[in-house]
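Okay, so here's the structure we're looking at.
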2 protein chains.
Amino acid sequence: MSIQEREKIVASERPKTVTLAEVAAKAGVSKMTVSKVLREVGNISEETRQRVRQAAQELGYLPNSLAGTLSSRRSRIVAVIIPSISDIVYAEVLSGVNAMLRPSGFQTFIGESQFDPTVEADLIRAMLSFQPAGLLLNGGMARSADAEALLARRNCPAIQLWDCDRNALDFSAGPSHEEAGRLVAKHFFDRGLRRIAYVGAELDKDLNARRRHIALKSSLVAADIDLVSVTCEDKPRQAVTGRFLTEQLMRMHPEIDGIHFLNDAMALGGLSYLHQAGLPVPERISVVGFNGTSLANAVRTRLTTIDVPRTEIGEKAAQALLRMTKAEPMPDFWQARLEMVQGNTTLAI
Amino acid sequence: MSIQEREKIVASERPKTVTLAEVAAKAGVSKMTVSKVLREVGNISEETRQRVRQAAQELGYLPNSLAGTLSSRRSRIVAVIIPSISDIVYAEVLSGVNAMLRPSGFQTFIGESQFDPTVEADLIRAMLSFQPAGLLLNGGMARSADAEALLARRNCPAIQLWDCDRNALDFSAGPSHEEAGRLVAKHFFDRGLRRIAYVGAELDKDLNARRRHIALKSSLVAADIDLVSVTCEDKPRQAVTGRFLTEQLMRMHPEIDGIHFLNDAMALGGLSYLHQAGLPVPERISVVGFNGTSLANAVRTRLTTIDVPRTEIGEKAAQALLRMTKAEPMPDFWQARLEMVQGNTTLAI
DNA sequence: TTGCGTAAAGTTATCGATAACATAATGCTG
DNA sequence: CAGCATTATGTTATCGATAACTTTACGCAA
């Protein structure tokens, strides 16, 4: 008999769940006493404690959090909705959230909206039905009327991630995307570049990226410089798209000497084309990405980018949530510090 | 008054939750009728349906899934515990799981064990307390006695991810790591290489990686070839470590002409050193990574690696879980197909 | 017209815990 | 030693839903 077969049998004759009442019976006390002992509240004699703990141990008691939460109306679930789980950028924020919440006994519920407001609204509904202690949402998305209505009816704090420029919720943690756009403009100014382009994708979905784009454009316009934008809405925000669009850009505007990309992945794709086309970076053309994701996986990179403290964003958001559940006072937002990281000129891998 | 201030007031005077009973009162029917209408079960006249739906709509009724699950003992929560959220490899599996489960109305609960068996056991306990419909665990970890005991008491199916070589649970979905090790050996054999090294980190935590390592070694030994292994347990499995260890390796064993790395990130770090040291890849030395993660973000890479269908692993695991909840028959495991991807020799970015 | 099957709605018990209050036993003060 | 605070434990009601059964009303065949 294989391991699988053996276990499948076990699975069919699943052990029945042990409840508080059974532990109470075994320990010879009331359910309430057991509950108090296990939650470590109230006054229970040391001797009873021991008996109860022993009984719980022997029966293999596992509390039912659903019942507990329902009864106490105090939840330890935190719902997080991010655009994409497999995008390292959001995953790292999530990691920060998790790291901060777990020691306090909170569990994270995760939803993936894929930048779709309809999906987001569905997720908010599903999440709220679990009576979470808090809701963490991504700021850079259009929100459906449905979602707004659900949020208005929420009875838990809601926090916005990734964006501190504007916020209709209780707290926001993230960078200022307007500042990011200005930083990029300054980078080009400092180098005396005046033929600037922007390359991005799916800007209709990602409002944060759109705001960076607009801020860059405004800063340039203020200096009487025009911004050439090459974007497309139906291709992924990945390296391949960055490469493709950069090729298009350079064919149509060979004079360009500075490009800002929506993110690092697209920028790396762009670098790839520029290298192949014999346009040295940064001598002939300057390239700026966004996120600082290229830094983590490469030992050295020639990509200049704006590093965003992603894990810290998650941590700050989670901290704020913890404070709010304790009704402690706190500010309305936390602004993440952006850091422009100069790429070195060593060969990139 | 700022947006934040306005919302904070709203937050303090939170809307009280609307229950089934209130909807029932408004619609002039019993709670049960409302419950049946909203779940679309039983025989309810069209006219009543309309009245109930309207009442629910107007009151902004949101079901309480905790109460529902407690009462019906049928959960739509699926618990997933992975070693790291921000490691793209696990995040992509998660994405596959999510994509498959959401259409069926399941919600994913996520835990991050950080390769720590103690943390994993704690998470299993926490997850089980939410009465999940299923549990997805990572296969490549040592499991604590505590965790084993909890799993034995589970009353839901449990599935193992990332590993189909052995399984003590109900189903497993993943590659054979032994096959992966053999594939790498074959790759070196085919090129007539005989001075082979392995570079890895944290092998004490990642049993899957350890099994690949052992399989590689066995295959080589069978061909009378020795494997030089350079590993360390206290550095991250990242590019920097790969670079550092490769440098050590090549100083001590300059004759090496083939290296297998624990993962792509470390391999890229290794490539970086080899390039700097003037050792052309693959002419002078052959490099093989693992995972195929380098493929996603780069337009072209010189890294040879074994591609693993991560999203598919998640999908298959989720599918199996869905089947098991319906008590449908199914095999014990799904073996992911591994694909050796040859790096091209174009300059990598 | 009787009897029975089905449609449509309601009643009661329950899921597994916790809150809030009640009670019993103890200790301590004046 | 009465009286009261404190400690230790138990009782009852409740959280918000669903399962399982019951009741009522109606239609139609014999």
Side-chain angles (χ1 to χ4, degrees), chain A residues 15-53 55-56 59-77 105 126 128-133 153 155, chain B residues 15-53 55-56 59-77 105 126 128-133 153 155:
Chain A
K16 77 175 267 315
T17 56
V18 179
T19 68
L20 258 197
E22 292 166 59
V23 177
K26 174 145 189 167
V29 295
S30 71
K31 291 197 313 181
M32 204 59 224
T33 302
V34 177
S35 174
K36 284 175 184 159
V37 169
L38 298 182
R39 282 180 302 145
E40 304 190 355
V41 299
N43 292 317
I44 309 287
S45 69
E46 187 50 37
E47 191 226 319
T48 308
R49 293 188 121 81
Q50 302 245 336
R51 256 207 342 277
V52 168
R53 288 220 193 83
L59 292 175
Y61 172 71
L62 255 182
N64 181 328
S65 296
L66 299 181
T69 305
L70 179 61
S71 173
S72 68
R73 298 125 161 292
R74 218 173 303 120
S75 160
R76 298 200 154 256
I77 295 174
L128 287 181
S129 82
F130 284 98
Q131 319 295 115
R153 287 204 291 277
N155 54 4
Chain B
K16 77 175 267 310
T17 56
V18 179
T19 68
L20 258 197
E22 292 165 60
V23 177
K26 174 144 188 166
V29 295
S30 71
K31 292 197 313 182
M32 205 57 224
T33 302
V34 177
S35 174
K36 285 174 185 162
V37 170
L38 298 181
R39 281 180 302 144
E40 304 190 355
V41 300
N43 291 317
I44 310 287
S45 69
E46 187 50 37
E47 192 226 316
T48 308
R49 294 188 121 82
Q50 302 246 336
R51 261 210 334 282
V52 168
R53 288 220 192 84
L59 292 175
Y61 172 72
L62 255 183
N64 182 327
S65 296
L66 299 181
T69 305
L70 179 61
S71 173
S72 68
R73 299 126 162 290
R74 219 173 301 121
S75 159
R76 298 200 154 257
I77 296 174
L128 287 180
S129 82
F130 284 98
Q131 319 296 116
R153 287 203 291 276
N155 54 2

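Order of the sequence lines fixes the chain letters, A, B, ..., with proteins taken first and strands second; residue numbering starts at 1 for each chain.
Rounded to whole Å, the distance from CZ on B:R73 to P on C:dA13 is 17 Å. In this structure, A:E46 atom CD and D:dA8 atom P are separated by 10 Å, rounded to whole Å. Distance A:Q50 CD to D:dA8 P: 14 Å, rounded to the nearest Å. To the nearest angstrom, C1' of D:dC15 lies 12 Å from CG of A:L66. The nearest whole Å value for the distance from the CG atom in A:L38 to the P atom in C:dA17 is 9 Å. Distance CG (A:L20) to C1' (C:dT14): 16 Å, rounded to an integer number of Å. A straight line from CG of B:L59 to P of D:dG16 spans 14 Å, rounded to a whole angstrom. A:E22 has its CD atom 8 Å from the P atom of C:dG16, to the nearest Å.
Of the side-chain N and O atoms in B:R74, one or more sit less than 4.0 angstrom from OP1 or OP2 of D:dA19. Dashed line: the shortest gap from a side-chain N or O of B:R39 to OP1 or OP2 of D:dT18 is under 4.0 Å. One finds no side-chain N or O of A:T48 lying less than 4.0 angstrom from the OP1 or OP2 phosphate oxygen of D:dA8. Dashed line: the shortest gap from a side-chain N or O of B:S30 to OP1 or OP2 of C:dG10 is under 4.0 Å.
Looking at heavy atoms from C-beta onward, A:T17 lies out of side-chain contact with A:N64 at the 4.5 angstrom threshold. Using a 4.5 Å heavy-atom threshold, the side chains of B:R76 and B:T69 count as separate. In this structure, B:V34 and B:Y61 have side chains that are not in contact, with every pair of non-hydrogen atoms separated by 4.5 Å or more.
Along DNA chain C, the nucleotide nearest to A:A21 and the one nearest to A:K36 differ in position, and the one closer to the 5' end is contacted by A:A21.
If you check D:dG10, C:dA7, D:dA8 against the side chain of A:N43, the one that comes closest is D:dA8. Comparing C:dG10, C:dC15, C:dT18 against the side chain of A:S72 picks out C:dT18 as the nearest. Set against C:dT18, D:dT7, C:dG16, the side chain of A:M32 has C:dT18 as its closest nucleotide. The listed nucleotides are D:dA19, C:dA17, C:dA9; the one nearest the side chain of B:S45 is C:dA9. Listed nucleotides D:dT18, D:dA17, D:dT9 differ in distance to B:S35; the shortest reach to its side chain belongs to D:dT18. The side chain of B:K31 lies closest to D:dA17 when the candidates are D:dT9, C:dA19, D:dA17. The side chain of B:S71 lies closest to D:dT18 when the candidates are D:dT18, C:dT11, D:dG10. Each of C:dA9, D:dA17, C:dA17 was ranked by its minimum atom distance to the side chain of B:I44; first place goes to C:dA9.
In this structure, A:S35 contributes its side chain and A:K31 its backbone to no donor-acceptor pair below 3.5 Å. With hydrogens and angles disregarded, no donor-acceptor distance shorter than 3.5 Å links the side chain of B:S71 to the backbone of B:A67.
Note on A:N64: only backbone sugar-phosphate atoms sit closer than 4.0 angstrom, heavy atoms only; bases stay farther off. In this structure, B:S65 reaches neither bases nor backbone, as no heavy-atom distance under 4.0 Å exists between it and the strands shown. Residue contacts shown for A:L70 include a base, since a base heavy atom lies under 4.0 Å away. If you check every strand for non-hydrogen atoms under 4.0 Å, A:T69 touches nothing.
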Let me have the donor-acceptor pairs involving side chains of residues 18-30 of chain A, under 3.5 Å, with sequence neighbours excluded, atom names and distances please.
unit_1, atom_1, unit_2, atom_2, d
A:T19, OG1, A:A21, N, 3.4
A:T19, OG1, A:E22, OE2, 3.4
A:E22, OE1, A:K16, NZ, 3.2
A:E22, OE2, A:K16, NZ, 3.0
A:E22, OE2, A:T19, N, 3.4
A:K26, NZ, A:E58, OE1, 3.1
A:S30, OG, A:T33, N, 3.3
A:S30, OG, A:T33, OG1, 3.1

